[in-house]
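Working notes for the structure below.
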Amino acid sequence: MEGLKNVMEEAVEYQLNRLLPTMPNICSCDQCRLDMASFALNRLSPQYVRTDMGALFQKLNNSAPQAEVEVLTTVMSAISTIGSHPKHD
């Protein structure tokens, strides 16, 4: 639906961008990155917003330590799972 945005996508992408460069043995091609993002997003609660103000409010909520840890651990799990079983050679 046009006009809706899941701000959790940005949080997952941020963590992938931050973590993958520190893991040279993990494939970070576009296909693997999308698989990792899908894996993580399917395990996190979506946070849809419709306005810029809603996005800002949700980002502030996501900056709480508990929310950050939840995203971080879910992304780490995605990296571990997909990294050890990539869908390509």
Handout entry: Thr81 and Asp35, any side-chain heavy atoms less than 4.5 Å apart
Key = no
Fill in the blank from the handout: Asn17 meets the side chain to side chain donor-acceptor pair (under 3.5 Å) criterion, sequence neighbours left out, with Arg33
Handout entry: side chain to side chain donor-acceptor pair (under 3.5 Å) partners for Gln31, two or more places apart
Key = none
Problem - With His85 via side-chain contact (heavy atoms from CB on, under 4.5 Å) - residues at least two apart - result: none
Handout entry: Common cluster, Tyr14/Leu44, ILVMFWY with side-chain heavy-atom separation under 4.5 Å
Key = no
Handout entry: In one Ile/Leu/Val/Met/Phe/Trp/Tyr side-chain cluster, 4.5 Å: Leu34, Leu16
Key = no
Exercise for the section: Would you indicate whether the side-chain heavy atoms of His88 and Cys29 approach each other to under 4.5 Å? Expected result: yes
Handout entry: Donor-acceptor contact present, side-chain Thr73 to main-chain Glu70, <3.5 Å
Key = yes
Exercise for the section: Name all residues meeting the side chain to side chain donor-acceptor pair (under 3.5 Å) criterion together with Arg50; count only those two or more places apart in sequence or in a different chain, and write none if there are none. Expected result: none
Problem - Under 3.5 Å: donor-acceptor pair, side chain of Ser80, backbone of Met76 - result: no
Exercise for the section: Give every residue pair that meets the salt bridge (charged side-chain N to carboxylate O under 4.0 Å, His left out) criterion with at least one member in residues 9-28, sequence neighbours excluded. Expected result: Lys5-Glu10, Glu10-Lys59
Problem - Test side-chain contact (heavy atoms from CB on, under 4.5 Å) applied to Val71 and Met8, step by step - result: CA-CA 9 Å; Val71 173; Met8 193 57 73; 3.7 Å; yes
Practice task
Taking all heavy atoms of Ala40 and all of Val12, pick out the closest pair and write down the distance.
Solution key: CB-CG1, 4.1 Å
Handout entry: Smallest separation among heavy atoms of Cys32 and Ile82, with atom names
Key = O-CG2, 4.0 Å
Fill in the blank from the handout: By side chain to side chain donor-acceptor pair (under 3.5 Å), Gln47 pairs with (sequence neighbours left out) Gln58, Asn62
Problem - Minimum heavy-atom distance between Ser28 and Leu20, given as atom pair plus value - result: CB-CD1, 3.9 Å
Handout entry: Between SG on residue Cys27 and NZ on residue Lys87, distance to nearest 0.5 Å
Key = 13.5 Å
